[in-house]
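For reference, the structure discussed in these notes is given below.
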Protein chains: 2
Amino acid sequence: MVRVSDKRERLLGAARDLIHRHGFKPTTLADIARASDVPLGNVYYYFKTKDDIAAAVIHGRDAELRAFMEGCQRKTDPRERLIAYLEMPATSREAIAAYGCPVGSLCQELDKDPSPLAQQANTLLATQLGWVTEQFRAMGRNDAEDLGVQLMTSLQGMSVLANALADPTVVDREVARLRAWLTTLSPIGEI
Amino acid sequence: MVRVSDKRERLLGAARDLIHRHGFKPTTLADIARASDVPLGNVYYYFKTKDDIAAAVIHGRDAELRAFMEGCQRKTDPRERLIAYLEMPATSREAIAAYGCPVGSLCQELDKDPSPLAQQANTLLATQLGWVTEQFRAMGRNDAEDLGVQLMTSLQGMSVLANALADPTVVDREVARLRAWLTTLSPIGEI
DNA sequence: GTCTATAATACGATAGAC
DNA sequence: GTCTATCGTATTATAGAC
């Protein structure tokens with residue numbers, strides 16, 4: 001077993017955390033290097049540019065999201081899958097109130113200046129929207145797209161509000177409401 | 001009538017626009033100066049610091065929001081006030097899809113690094129939340145706070161999603177849904 | 001692969017002439 | 001009040017020794 005340096009992973013972990021907490025632009029390479037205990041100049045051995053670090057962080061978020069969705073997918077009832085999906089924000093309540101949604105806030109920041117990086121981040125939201133819409137469709141709803149948008153807007157909106165009010169109970173309230181909504185939602189058709 | 005220079009207003013207008021489109025940090029004083037046709041060094045005659053410009057922009061947004069809410073307030077039925085309030089995002093659909101909500105996206109950016117400026121921006125969202133909650137209360141709903149949070153999260157979430165998907169129809173769909181929801185919402189009590 | 005030193009640039013802010 | 005020139009600093013990125 002070849003023991004290779006874990007510097008790349010340390011850099012990615014620190015970048016992931018710092019970007020969530022302070023945003024992409026305000027996070028400097030010196031910040032990432034310091035938090036990873038890697039000398040500044042050495043960062044460029046692992047990543048060509050700062051954008052490359054963000055791209056790798058986004059790729060990692062994509063893998064995590066897909067893994068979580070696959071976990072939910074083990075439930076046979078699509079309604080139960082969506083309810084299980086709510087556990088993600090529910091368990092991140094403090095982080096959301098403190099720093100916002102790691103995906104949504106990054107998209108909002110990067111979309112202010114269109115770039116390949118911004119497109120890559122937007123894909124994270126689009127992927128989640130696609131998955132939840134698929135579940136509503138599996139429930140037999142012919143308004144699955146509307147319901148998917150409705151669920152995703154609620155999740156993103158509660159993050160913005162919880163962050164602005166610095167109040168994690170906004171997450172609690174909205175998750176509880178969404179759970180109740182999903183539970184009582186008619187399984188077939190529209191209305 | 002003393003005709004004074006309108007440079008300060010030009011600077012504020014340009015800053016307001018540029019901050020919405022590109023964010024606060026990415027917007028440079030040189031950008032604001034150029035868009036206002038004011039020499040860079042002259043900016044400091046009107047504003048001591050860059051933060052002071054943002055503070056003035058936020059103050060202007062606050063005045064606009066209060067004026068709009070007072071306009072809605074002319075309706076006697078609180079339900080009609082809330083429906084009128086939906087006209088604000090409805091008429092800004094393209095700008096929201098292109099740059100996000102001017103208030104929400106600014107809060108998300110500034111909250112990444114707590115400061116007096118961030119608190120000032122958060123107040124804009126808190127003010128709106130307070131106003132819509134007040135309307136639900138005037139309808140006789142004892143769950144007015146929950147409904148207020150629900151409405152504000154929907155508005156903020158649709159902006160995040162419309163921006164990430166670069167799709168103004170997300171705004172159309174959500175505004176239509178909220179209008180229908182408000183229209184059929186029972187005027188008294190809970191459920 | 002690792003690290004120090006530094007180049008190159010961008011930006012907020014100021015000095016000072018007019 | 002207005003404007004040019006510029007300072008000081010922060011930050012991305014590179015050069016080059018080890």
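Proteins get letters first, then strands, A, B, ... in listed order; numbering begins at 1 in each.
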Charged N to carboxylate O under 4.0 angstrom, B/R74 versus B/E80?
no
Return the value, rounded to whole Å, for the distance between atom CG of A/D6 and atom C1' of C/dG1.
14 Å
Mind checking B/Y46 for me? I need base, sugar-phosphate or nothing, with any heavy atom below 4.0 Å counting as a touch.
sugar-phosphate
Measure NZ/A/K50 against P/D/dA10 and give the value in whole Å, please.
15 Å
State which of D/dT11, D/dT2, C/dC11 makes the closest approach to the side chain of A/T28.
D/dT11
Using OP1 and OP2 only, check whether a side-chain N or O of A/K7 sits under 4.0 Å from C/dT2.
yes
Is a side-chain donor or acceptor of A/R61 paired with a backbone partner of A/A121 at a separation under 3.5 angstrom?
no
Quickly work out the A/R34 CZ to D/dT12 P distance and round it to whole Å.
12 Å
Considering heavy-atom distances to DNA chain C, does A/K25 or A/P39 have its closest nucleotide positioned more toward the 5' end?
A/P39
Does B/Y45 put a side-chain nitrogen or oxygen below 4.0 Å from OP1 or OP2 of D/dT2?
no
Report yes or no: is the cationic atom of A/K50 (NZ for Lys, CZ for Arg) under 6.0 Å from the centre of the six-membered ring of A/F24, at an angle within 45° of the ring normal?
yes
May I have the distance from A/H22 (atom NE2) to D/dT11 (atom P), rounded to whole angstrom?
12 Å
How close or far is atom P of C/dA10 from atom CG of B/D31, stated in whole angstroms?
12 Å
Test: B/R34 and B/D31 ion pair at under 4.0 Å
yes
Please tell me which of A/P26 and A/G41 maps to the more 5' nucleotide of DNA chain D, matching each residue to the nucleotide holding its nearest heavy atom.
A/P26
Nearest-angstrom distance from the residue atom CG of A/N42 to P of C/dT4:
10 Å
Without decimals, in angstroms, what is the distance between A/D37 CG and C/dT2 C1'?
13 Å
Should B/D51 and B/T49 be marked as a side-chain hydrogen bond (donor to acceptor under 3.5 Å, both in side chains) after you check the CA-CA gap, both sets of side-chain angles, and the distance that decides it?
CA-CA 5 Å; B/D51 276 21; B/T49 66; 5.4 Å; no
Whole-Å distance, A/Y44 OH to C/dC3 C1', equals 14 Å
